[in-house]
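Below: the structure, in structure tokens.
Numbers here simply count residues along the sequence, with the first being 1. Keep in mind the model is a prediction, meaning the values are calculated, not measured.
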Amino acid sequence: MRNPPVQPARFSNGLLAAPGVYPNPLALISEESGYNRNSASYFLSNFQVVQQIPGVEGLSIKGVLAFDRNFNQNKTWNQWVPLYVRNTDGTYTVNSESKSSLSKGYGEGQSTELQGHINYDRRFGKHGISALALILQKQNQGTGIYAARNSYESSALQILNFGPALNEVLSDGEDRTALRSAAFRINYDYDGKYLFQASLRRDESENFAPSQRTGYFPAFSAGWLLTRESFMQNVKFVDFLKLKASYGTLGSDRIPSRFGYYSRYNLVPNVYPFGGAFVTGLTPGAIANENLTWETSVKMDAGIEAKLFKNQLGIDVTVFKERRKDILATRALSVPLSFGAALPSENFGIVDNKGVEVILTHNKQLSNNLSYFVSGNFTYAKNKIVEAAEASNIPEYRRITGRPNGGIYGYKAIGIFKDAADYAASPKHTAYLSTTGPGDIKYQDINGDGIINDDDITYLGNGTLPQILYGINGGVNYKGFELNFLLQGAAQSQQLFTQNAAWAFHNGGRVNAEWLDRWTPARPDAPLPRLTLNTNGNNYLVSSFWVQNSSYLRLKNVEFAYTLKSKLLSKIGANNLRIYAQGQNLFTITDLINLDPENTNGIGRYYPQQKTYTFGVNLQF
């Protein structure tokens, strides 16, 4: 993606080429470059004991012990690979030799979980009752050590002791986490048509101070099966009809920085001179916050589920709303940069999410030999930041409050400077006055002060998280022949392109074919700006010019198969023979170029989507 295609990877005589700024991929994977060896061993265990309580029908107890252990080690050896540059006289010059390096790492960990359950499940005529009480204790711990040395004179002995101690690296780490939980759940139904469930969790996490460690999270849900009511018995086309709703809370202790309730100091090597030598010092960490506690999510949904016309048509519609509150964040948006300390995390963020999900299914048996099915799902979800502790003087067009989480902010591009007259008459970015000119991107003066600067940054779109997700799958069966397919897609999302995925010659890299359609004095209306060998600061600002619609529709899977059942198969002891052909990621409809729409990395550093074809035979005995 980065290396220009005009630079060879290997010359015709077999020598590996030095491609320029970026590494030669063939050199990186050659045996000469060394190796990276990893090995791991795992022991996973789970023991359960269940005991029915004599004399109490439906009452039982269960104990669970889960113990896991793992060991892993890594050894990496890097050594010089000769790369060559071809001279004008046909000779070759090799790159300067570098010394080899070695690193080793070892780690081990274990996890222990204990659970105790009390279960009760019984019916009393039309009344059904089930209950569960649960306690849980979980503990994880791990340790690891890492060492590295470089500048090896020889590759004969690839062990740490034979490398020079100069610039060696030695580090180790230990970690331990724990969680204690208790939960209670009760289910009740009357005659199979009125359904109710209530639950309560009590969780304790070592990530918070003792006074803030405990969180309580209740949840409730209810359902009404209308087709079991007498007034629905004469509605013949309705086979199943259910109303459902739920309300509940969840908690999260997965915070970015653990133990934020302690005052901490960071080790910084070689910062203070004492006795003619630099020694390690301490710098203060983030301000302690003893009030850190659980992030909380409050979820609500309501829906209807139905099956009609002898179960040939299915409908499932759910509307949902979630408020995530007490989100951990810092007040960086409301405190000036001159504040003299690292800001602590606080529970003040609030984000709302709401939407609707629809699932439709249809199947039909047209004859003994012919049937088909089709189903589709559609989800619309929109989120909004309710509280982010922004400063009051931030202009409305730059505020994140009230807009989607993960939104894109930058300059609004309004075209390209067509010529010198257009350039002279338009506002220009004050940071690039000496380097911009005709052919560069021009931006909208949002605040109307006649110049372009940071005050003109504005909201550009909701980002990579799609607001719409949908899919269609279906199939046809005829006399042993099958055809199945899956289409999936997303809409109302954007991808911000940057660096090698978009910019020409970025860091000495390649230029993509679309840049043939660039601005020149003879083509002032071209869609792309002028080319420059060095990164153009004005053109490569975060702006709407590099924000593209990442909506897509993809044929994710198609399968064609034939199943043979015959007396001949029975003679060899087989039940059936299935021959199939399958294709994945066969085509995609999207406006994106150079990037996959399911990717969220605007630089393009991701494993590429693969189109695959599979042919097989399945013989069952």
| Val356 vs Val317, side chain to side chain contact (heavy atoms under 4.5 Å, CB included): CA-CA, chis, key distance, verdict | CA-CA 7 Å; Val356 60; Val317 180; 4.3 Å; yes

| said: Using side chain to side chain contact (heavy atoms under 4.5 Å, CB included), reason through Leu102 and Arg149 one step at a time and then give a plain yes or no. | reply: CA-CA 6 Å; Leu102 174 68; Arg149 286 185 173 181; 5.8 Å; no

| said: For a ring-ring contact (aromatic ring centres under 6.0 Å, His included) check, start with the C-alpha distance between Tyr409 and Tyr459, then their side-chain angles and the critical distance, and finish with the verdict. | reply: CA-CA 5 Å; Tyr409 293 80; Tyr459 173 71; 5.5 Å; yes

| field | side chain to side chain contact (heavy atoms under 4.5 Å, CB included) between Tyr120 and Ile118, worked out | value | CA-CA 7 Å; Tyr120 182 74; Ile118 300 177; over 6 Å; no

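A distance-only check finds a donor-acceptor pair linking the side chain of Asn347 to the backbone of Thr293 [under 3.5 Å]. Side chain of Arg228 to backbone of Asp191: a donor-acceptor contact under 3.5 angstrom is found. In this structure a side-chain-to-backbone donor-acceptor pair under 3.5 Å is present from Ser551 to Gln492. Here the side chain of Thr464 pairs no donor or acceptor atom with the backbone of Thr600 at under 3.5 angstrom. The closest donor-acceptor contact from the side chain of Glu305 to the backbone of Leu241 lies at 3.5 Å or more, if one exists at all. With hydrogens and angles disregarded, no donor-acceptor distance shorter than 3.5 Å links the side chain of Asp121 to the backbone of Gly58. Side-chain atoms of Asn585 come within 3.5 Å of backbone N or O of Gln610 as a donor-acceptor pair. The main-chain N or O of Arg323 is never found under 3.5 Å from a side-chain atom of Lys354 such that the two would form a donor-acceptor pair. Judged by distance alone, the side chain of Asn207 and the main-chain N or O of Asp253 form a donor-acceptor pair under 3.5 Å. Gln494 places a side-chain N or O within donor-acceptor distance of the main-chain N or O of Asn462, the cut-off being under 3.5 Å.
The aromatic rings of Tyr190 and Tyr194 sit parallel, their planes meeting at an angle under 30°, below the 60° perpendicular limit.
The number of heavy-atom neighbours closer than 6.0 Å to NZ of Lys325, taken from other residues, nucleotides and ligands shown, is 12 or below. The 12-atom threshold is not exceeded at OH of Tyr262, counting heavy atoms of other residues, nucleotides or ligands nearer than 6.0 Å. Annotation: Arg201, atom CZ; neighbour count of heavy atoms from other residues, nucleotides and ligands within 6.0 Å does not exceed 12. Enclosure of atom NZ in Lys138 is not indicated, since only 12 or fewer non-hydrogen atoms of other residues, nucleotides or ligands lie within 6.0 angstrom. Annotation: Arg123, atom CZ; neighbour count of heavy atoms from other residues, nucleotides and ligands within 6.0 Å is above 12. Taking a 6.0 Å sphere around NZ of Lys193, one finds it holds more than 12 heavy atoms contributed by other residues, nucleotides or ligands. More than 12 heavy-atom neighbours from other residues, nucleotides or ligands sit within 6.0 angstrom of CZ on Arg403. More than 12 heavy-atom neighbours from other residues, nucleotides or ligands sit within 6.0 angstrom of CD1 on Ile129.
Here Phe320 contributes atom CZ and Thr379 contributes atom OG1; the two are 6.5 Å apart, rounded to the nearest 0.5 Å. Remark: Ile304 CD1 to Asp316 CG distance equals 9.5 Å, nearest 0.5 Å. Distance check: Thr296 OG1 to Asp326 CG gives 4.5 Å after rounding to the nearest 0.5 Å. To the nearest 0.5 Å, the span separating CG on Leu132 from CD1 on Ile186 amounts to 11.0 Å.
Shown here for Ile468 and Phe378, the closest heavy-atom pair between the two residues is CG2-CE1, 3.5 Å. When all heavy atoms of Gln495 and Leu595 are compared, the pair lying nearest together is CG-CD1, 4.1 Å. Annotation for Ser101 and Asn150: closest pair CB-CB, 3.7 Å, computed over non-hydrogen atoms. Taking each heavy atom of Phe217 and Thr249 in turn, the nearest pair found is CA-OG1, 3.1 Å. Of all heavy-atom pairs spanning Leu328 and Ser345, the tightest one is CD2-CB, 4.2 Å. Here the shortest heavy-atom pairing between Ser375 and Thr361 reads CB-CG2, 3.6 Å.
The cationic atom of Arg37 (NZ for Lys, CZ for Arg) lies less than 6.0 Å from the six-membered ring centre of Tyr35 and within 45° of the ring axis. Relative to the ring axis of Phe348, Arg331 places its NZ or CZ within 45° and under 6.0 Å from the centre.
Residue pairs that meet the salt bridge (Lys or Arg N to Asp or Glu O under 4.0 Å) test with at least one member in residues 386-400, sequence neighbours left out, are Glu390-Arg399. Residue pairs meeting the salt bridge (Lys or Arg N to Asp or Glu O under 4.0 Å) criterion with at least one member in residues 48-73, sequence neighbours excluded: Glu57-Arg122, Arg69-Glu108.
With no hydrogens or angles considered, a side-chain donor-acceptor pair links Gln584 and Thr612 at under 3.5 Å. Between the side chains of Lys382 and Asn353, not a single donor N or O lies within less than 3.5 Å of an accepting N or O. With 3.5 Å as the limit, one finds no donor-acceptor pair spanning the side chains of Arg185 and Ser199. Remark: the Gln115 side chain and the Glu113 side chain contain an N/O donor-acceptor pair separated by less than 3.5 Å. A side-chain donor-acceptor contact under 3.5 Å links Gln488 and Glu598. In this model, a donor atom of one side chain and an acceptor atom of the other lie less than 3.5 Å apart for Ser246 and Asp301.
Asn74 has its side chain within reach of Asn36: a pair of non-hydrogen atoms, C-beta onward, lies under 4.5 Å apart. Residues Leu592 and Asn594 are not in side-chain contact: their nearest non-hydrogen atoms beyond the backbone lie 4.5 Å or more apart. Taking 4.5 Å as the limit, every side-chain heavy atom of Tyr261 sits out of range of all side-chain heavy atoms of Pro344. Using a 4.5 Å cut-off on side-chain heavy atoms (C-beta onward), Glu229 and Trp224 make contact. Taking the side chain as every heavy atom from C-beta outward, Thr177 and Glu206 approach each other to under 4.5 Å. At least one side-chain heavy atom of Val542 sits under 4.5 Å from a side-chain heavy atom of Leu496. Considering only heavy atoms from C-beta on, Tyr470 comes within 4.5 Å of Leu553 through its side chain. In this structure the side chain of Ser181 reaches within 4.5 angstrom of the side chain of Leu179, judged on heavy atoms.
For Arg213, there are no salt bridge (Lys or Arg N to Asp or Glu O under 4.0 Å) partners two or more places apart in sequence or in a different chain.
No salt bridge links Asp352 with Arg324; every basic N to acidic carboxylate O contact stays at or beyond 4.0 Å.
Remark: aromatic rings of Phe196 and Tyr188 are distant, center separation not under 6.0 Å.
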